[in-house]
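What follows is a short report on a single structure.
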Protein chains: 2
Amino acid sequence: MDVRTLCLGALMGGEATGYEIRKMFEDGTFSHFQIASLGSIYPALTKLTQDGLVTFVEHEQENRPDKKIYQLTQEGRRTFLRTLLQTRPAEDRYRSDILFMLTFAEEMPIELTEALIDEFAARHEMMSMQIDPENPDKPAPQTSHGRDEDGTPKPGCCFVAGLGQAMCEATLKFIRENKQGLLDELRNRKANKS
Amino acid sequence: MDVRTLCLGALMGGEATGYEIRKMFEDGTFSHFQIASLGSIYPALTKLTQDGLVTFVEHEQENRPDKKIYQLTQEGRRTFLRTLLQTRPAEDRYRSDILFMLTFAEEMPIELTEALIDEFAARHEMMSMQIDPENPDKPAPQTSHGRDEDGTPKPGCCFVAGLGQAMCEATLKFIRENKQGLLDELRNRKANKS
DNA sequence: ACTATCATATATCAATTCGATATAGTCAAT
DNA sequence: ATTGACTATATCGAATTGATATATGATAGT
């Protein structure tokens, strides 16, 4: 899924600026399973405007850069829904420096291994708290993304949020149950080697 | 972590060709938490050779392109271990078209929602089987990546593999418990709307 | 027998995307 | 007083992906 499609999806929840769209991918609704940076969002919005899939209204603000509030056109909405129907979703990809590094646990000091695991746990704990299945867009709910016009959270979003939480909890549980075992085993091996 | 570092890590397990390194990220040891394509691996190996971190021996093969078997130099090994100690691991990032699409479940036919969930489950089931914590590099164990010189699986690899499996299982469990509820809710909403 | 398709193996390249930076003002905190 | 954080758009070099080219053997389907 390219950034253009992601932007269309972001605008399905209502109008937004490029900056707000980035926030949806940084902190908000989509942050746990899609990424898009400003450097790709702004060009994408420009292209979408040229293609007539979005329009924007420029709001002047006192002593601040103009705000361009983007909105889907009917054509944009149709295009996005067609994309949903036609796209064969790409493989999921999970990228974790920490897990990659932990693969080399034997080659590094045990304190580092423990620190990496703790860091991994801390990040997942934070993520788990950030995701609230009843309220998919926790931080800054000014814009009503993730919920319907009437304010009800969307069932799809709840499902996805719940799944994310389940994954976090499984991760934390695994660490609670296996961290000490790994550290002991590593200590054993070091002792045997010397 | 850039591709150069990933290549050094891949070569920590012993010598390999560029093609074999790609397989480690495609099917093998690292496939579930790091990605690297041939288009980035070959340039990375060239650069690493220039920098003296790896060397290669060219093996001619009858009726096949030459094979360049790469190997870490001592300098390369030291550099990688230093990187492990110094690098602040980047945030994990998980990217899933399916979860993104499911966010818009209300906007699409229920059959598509169900198909997407089933696809998601199928992929995780496959992944779960592919990961064997006792044997981190399931497919094609010619090269001994993920295990020590003596053939014992490395504890770090086992830990990471076990974690991956736990996540897969949690995902599958969540789907078993929540898929029907989501579909029912969606059907309800459609009925109420019309 | 013929034809795909896949696997091995290296290499290149356009298109995409990231990450950093520039600009510019407000606001809170140290 | 000044550092850092937030809002907001925009650009650009660098990294990376994904596709393609080349060459051949093996395997499987029609």
Side-chain angles (χ1 to χ4, degrees), chain A residues 1-7 10 15-28 30-31 34-50 54 56-70 87-93 95 97 139-140 142-143, chain B residues 1-7 10 15-28 30-31 34-50 54 56-70 87-88 90-93 95 97 100 139-140 142-143:
Chain A
M1 292 230 144
D2 57 19
V3 179
R4 272 194 299 283
T5 306
L6 296 181
C7 286
E15 52 179 32
T17 66
Y19 187 74
E20 286 168 343
I21 291 176
R22 191 213 51 173
K23 279 203 297 180
M24 293 183 219
F25 291 101
E26 191 98 339
D27 311 304
F30 306 125
S31 59
Q34 283 294 344
I35 316 116
S37 65
L38 282 175
S40 54
I41 289 173
Y42 284 117
L45 288 172
T46 305
K47 186 84 195 308
L48 288 170
T49 305
Q50 283 164 12
V54 304
F56 65 89
V57 184
E58 231 160 327
H59 281 234
E60 289 179 45
Q61 304 183 109
E62 343 79 62
N63 295 324
R64 272 177 188 264
D66 289 359
K67 214 189 216 181
K68 289 184 187 172
I69 300 181
Y70 287 88
T87 305
R88 232 239 132 192
E91 289 265 320
D92 289 19
R93 33 185 44 189
R95 195 162 201 152
D97 280 5
Q142 299 127 327
T143 35
Chain B
M1 290 228 147
D2 59 19
V3 178
R4 273 194 298 285
T5 307
L6 296 180
C7 286
E15 51 179 32
T17 66
Y19 187 75
E20 287 168 342
I21 291 176
R22 193 213 48 171
K23 280 203 297 180
M24 294 183 219
F25 291 102
E26 191 96 341
D27 311 303
F30 306 124
S31 59
Q34 283 293 342
I35 315 115
S37 65
L38 282 175
S40 53
I41 289 172
Y42 283 117
L45 287 172
T46 304
K47 186 85 195 307
L48 289 169
T49 306
Q50 283 165 11
V54 304
F56 66 88
V57 186
E58 231 161 328
H59 281 234
E60 290 179 43
Q61 303 183 107
E62 343 80 62
N63 294 323
R64 273 179 188 263
D66 290 0
K67 213 190 218 181
K68 289 184 186 171
I69 300 180
Y70 288 88
T87 305
R88 233 238 131 190
E91 289 264 320
D92 289 18
R93 34 186 44 190
R95 194 164 202 151
D97 280 5
F100 180 73
Q142 297 126 329
T143 35

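All heavy atoms count here, side chains included; hydrogens, waters and symmetry mates do not. Residue numbering restarts at 1 for every chain, and letters A, B, ... go by the order of the sequence lines.
For the ring pair (Phe, Tyr, Trp, His ring centres under 6.0 Å) test, residues two or more places apart in sequence or in another chain that qualify with A:F56 are A:Y70. Remark: B:D92 pairs with A:Y94, A:S96 by the side chain to side chain donor-acceptor pair (under 3.5 Å) rule, at least two apart or across chains. For A:S31, there are no side chain to side chain contact (heavy atoms under 4.5 Å, CB included) partners two or more places apart in sequence or in a different chain. Under the salt bridge (Lys or Arg N to Asp or Glu O under 4.0 Å) criterion, A:R22 pairs with no residue, sequence neighbours left out.
Closest of all the heavy-atom pairs between A:P43 and A:L38 is CD-O, 4.0 Å. Between A:E20 and A:E15, the shortest heavy-atom distance links the atoms OE1-O, 4.5 Å.
Across the protein-nucleic acid pair, B:E20 atom CD and C:dA9 atom P stand 6 Å apart, rounded to whole Å. Note: CZ (B:F56) to C1' (C:dA11) measures 13 Å, nearest angstrom. A:I69 has its CD1 atom 13 Å from the C1' atom of D:dT7, to the nearest Å. In this entry the distance linking CZ of A:R22 with C1' of C:dT17 reads 15 Å, nearest Å. Between the CZ atom of B:R88 and the C1' atom of C:dG19 there is a distance of 17 Å, given to the nearest Å. The distance from atom CD1 of A:I21 to atom P of D:dA8 is 13 Å, rounded to the nearest whole Å. Atom pair A:D27:CG and D:dC6:C1' shows a separation of 12 Å (rounding to whole Å applied). Per the geometry, CD belonging to A:E58 stands 10 Å off C1' belonging to D:dT9, to the nearest Å.
Here B:K23 does not reach the OP1 or OP2 of C:dA7: none of its side-chain N or O atoms lies under 4.0 Å away. Taking side-chain N and O atoms only, A:Y42 has no distance below 4.0 Å to OP1 or OP2 of D:dA10. Considering only side-chain N and O atoms, A:T17 lies under 4.0 angstrom from the phosphate OP1 or OP2 of D:dT9.
With B:R93 as the partner, the side chain to side chain contact (heavy atoms under 4.5 Å, CB included) test is satisfied by one option alone out of A:Q34, A:R93, A:R95: A:R95.
Between the axis at the start and the axis at the end of the helix from C:dA1-D:dT30 to C:dT30-D:dA1 there is an angle of 40°, using five pairs per end and rounding to 10 degrees.
Here the nucleotide nearest the side chain of A:Y19, chosen from D:dT9, D:dT11, C:dT8, is D:dT9.
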**Message:** Walk along nucleotides 14-21 of chain D from 5' to 3' and tag each nucleotide B, S or - by protein heavy-atom contact under 4.0 Å, base first, then sugar-phosphate.
**Reply:** --SBB---
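Contact annotation: the side chain of A:T5 never approaches that of A:T87 to less than 4.5 Å [non-hydrogen atoms, C-beta and beyond].
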